[in-house]
Number of protein chains: 2
Amino acid sequence: MFSQTVEYALRAVVHLAYEAPDARTTAQIADATLVPKDYLAKVVQGLARAGVVRTQRGVGGGVVLSRDPAAITILDVVNAVEPLGRISTCPLGLRAHGVRLCPLHKRLDDALATVEAAFRSTTLADVLAEPTESVPLCDTGPALKLKVRGKGPA
Amino acid sequence: MFSQTVEYALRAVVHLAYEAPDARTTAQIADATLVPKDYLAKVVQGLARAGVVRTQRGVGGGVVLSRDPAAITILDVVNAVEPLGRISTCPLGLRAHGVRLCPLHKRLDDALATVEAAFRSTTLADVLAEPTESVPLCDTGPALKLKVRGKGPA
DNA sequence: TGTAAATCGGACTTTAAAGTCCGAATTACT
DNA sequence: AGTAATTCGGACTTTAAAGTCCGATTTACA
């Protein structure tokens with residue numbers, strides 16, 4: 001239902017939010033989020049073009065969120081890489097005379113609107129602040145609460 | 001967001017519901033719904049395998065809804081051709097230890113759940129019974145209320 | 001100024017969705 | 001039995017998404 005690209009973009013920004021305000025290289029992000037490195041590079045470019053992240057070339061460079069995690073919504077991220085595609089005109093290309101969609105596509109668009117609203121009302125900060133003691137991005141093992149960096153196991 | 005295949009399947013069944021209980025050939029459905037005929041044939045096969053429609057070969061054959069339009073939901077149709085893909089396990093393949101998803105994927109799955117619920121609670125009869133005077137499938141011109149068949153204009 | 005670290009951007013390959021084609025099988029009717 | 005109407009199913013082509021590769025460019029720092 002959601003494309004790989006959207007999935008990858010979300011993983012990346014959540015990871016960046018988690019590490020904020022530090023910058024991360026795409027290689028680091030790819031490592032942490034299990035996204036193919038070279039493909040992630042493209043996705044990040046999309047996020048940069050849309051103003052969700054800022055990138056910096058050269059030594060010490062990398063990727064940073066362009067705003068506070070509380071000011072970036074899931075919808076911002078989704079729309080940056082692959083707009084949600086609300087249905088505004090008749091997909092059959094018939095004379096939709098402006099506003100009204102047929103009952104079928106009205107229902108479909110309603111569903112999209114619900115998703116859009118949910119995404120718009122959820123910020124990266126919200127995702128990180130989840131009241132449970134679980135860590136973002138699914139690496140919720142037996143509740144280890146430490147913020148572990150590096151790659152070596154213990 | 002929704003695939004072409006899902007879109008086509010929905011157009012087909014809505015059209016069938018509109019013409020119910022008469023059978024329609026795939027060629028007729030394709031004509032009416034502006035779906036590529038040969039591709040629609042495949043989609044209809046999927047619907048048939050899932051038990052949403054029944055097909056009949058030979059002269060006088062065609063496609064019919066297998067149940068009353070009030071007993072077929074949008075979700076039935078969607079799941080028949082391309083399951084909605086609720087997120088039940090961690091997409092990163094990490095040890096999701098059963099139930100709990102990370103906050104991010106929990107949100108995504110919540111959105112999917114909302115869509116699923118909306119689709120489950122909408123039947124084809126609901127779509128046709130829309131309180132407005134509009135006709136299914138977007139051919140809502142200047143409120144012509146007649147059920148026009150054939151292909152000639154006027 | 002040289003070098004290593006990093007993104008950029010274009011070309012390419014792979015995979016899956018969408019679409020096309022057509023002969024085989026089934027069926028109703030005369 | 002013959003014929004026309006229909007779906008079935010497999011092979012094929014096309015298109016777009018996903019993924020890979022690598023040289024060019026930018027940057028920090030010794």
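What's counted below: heavy atoms across the whole structure, side chains too, no hydrogens, waters or symmetry copies. Each chain gets a letter, A, B and so on, in the order the sequences are listed, and its residues count up from 1. Just so it is clear, the model here is predicted, and its values are computed rather than measured.
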Colleague: Between dT7(C), dT20(C), dT7(D), which one does the side chain of Pro36(B) approach most closely?
Modeller: dT20(C)
Colleague: Looking at dA17(C), I'd like to know if its phosphate oxygens (OP1 or OP2) sit under 4.0 Å from a side-chain N or O belonging to Ser3(B).
Modeller: no
Colleague: Looking at dA6(C), I'd like to know if its phosphate oxygens (OP1 or OP2) sit under 4.0 Å from a side-chain N or O belonging to Thr25(A).
Modeller: no
Colleague: Let me know, please, whether Val59(A) or Ala41(A) comes out on the 5' side of the other along DNA chain C by nearest nucleotide.
Modeller: Val59(A)
Colleague: How many whole angstroms separate atom NZ of Lys42(A) from atom P of dC12(C)?
Modeller: 13 Å
Colleague: Does a salt bridge link Arg67(A) with Asp76(A), judged by any charged N lying under 4.0 Å from a carboxylate O?
Modeller: yes
Colleague: Both Tyr8(A) and Gly61(A) contact DNA chain D. Taking the nearest nucleotide for each, which residue is further toward the 5' end?
Modeller: Tyr8(A)
Colleague: Can we call the ring centroids of Phe2(A) and Phe119(A) under 6.0 Å apart?
Modeller: yes
Colleague: How many whole angstroms separate atom CG of Asp31(B) from atom P of dT6(D)?
Modeller: 12 Å
Colleague: What's Lys37(B) touching, base or sugar-phosphate or nothing? Going by heavy atoms closer than 4.0 Å.
Modeller: nothing
Colleague: Ignoring backbone atoms, test whether Gln45(A) places a side-chain nitrogen or oxygen under 4.0 Å from the OP1 or OP2 oxygen of dG9(C).
Modeller: yes
Colleague: So, does Thr55(A) get its side chain near the phosphate of dT7(C), meaning an N or O under 4.0 Å from OP1 or OP2?
Modeller: no
Colleague: In whole Å, I'd like the distance from the CD atom of Gln4(A) to the P atom of dA16(D).
Modeller: 20 Å
Colleague: Just the rounded figure in Å: distance from P of dG9(C) to OH of Tyr39(A).
Modeller: 17 Å
Colleague: Would you say His105(A) and Glu7(B) are linked by a side-chain donor-acceptor pair, where the criterion is simply a distance under 3.5 Å?
Modeller: yes
Colleague: For Gln56(B), which contact category applies under a 4.0 Å heavy-atom criterion: base, sugar-phosphate, or nothing?
Modeller: sugar-phosphate
Colleague: How close or far is atom P of dA18(C) from atom CZ of Arg11(B), stated in whole angstroms?
Modeller: 13 Å
Colleague: How many angstroms lie between atom OG1 of Thr33(A) and atom CG of Leu40(A), to the nearest 0.5 angstrom?
Modeller: 5.5 Å
Colleague: Rounded off to whole Å, could you give me the CZ-to-P distance for the Arg24(A) and dT7(C) pair?
Modeller: 12 Å
Colleague: Is the shortest side-chain N/O distance from Thr5(A) to OP1 or OP2 of dA18(D) below 4.0 Å?
Modeller: yes
Colleague: Classify the side chain of Arg57(B) and the base of dT6(D) as holding, or not holding, a donor-acceptor pair under 3.5 Å.
Modeller: no
Colleague: What integer distance in Å separates Leu40(B):CG from dT6(D):C1'?
Modeller: 14 Å
Colleague: Would you name the heavy atoms of Val52(A) and Ile72(A) that are closest together and state the gap between them?
Modeller: O-CD1, 3.9 Å
Colleague: Roughly how many Å is it from CG in Asp38(B) to C1' in dG10(D), rounded to a whole number?
Modeller: 13 Å
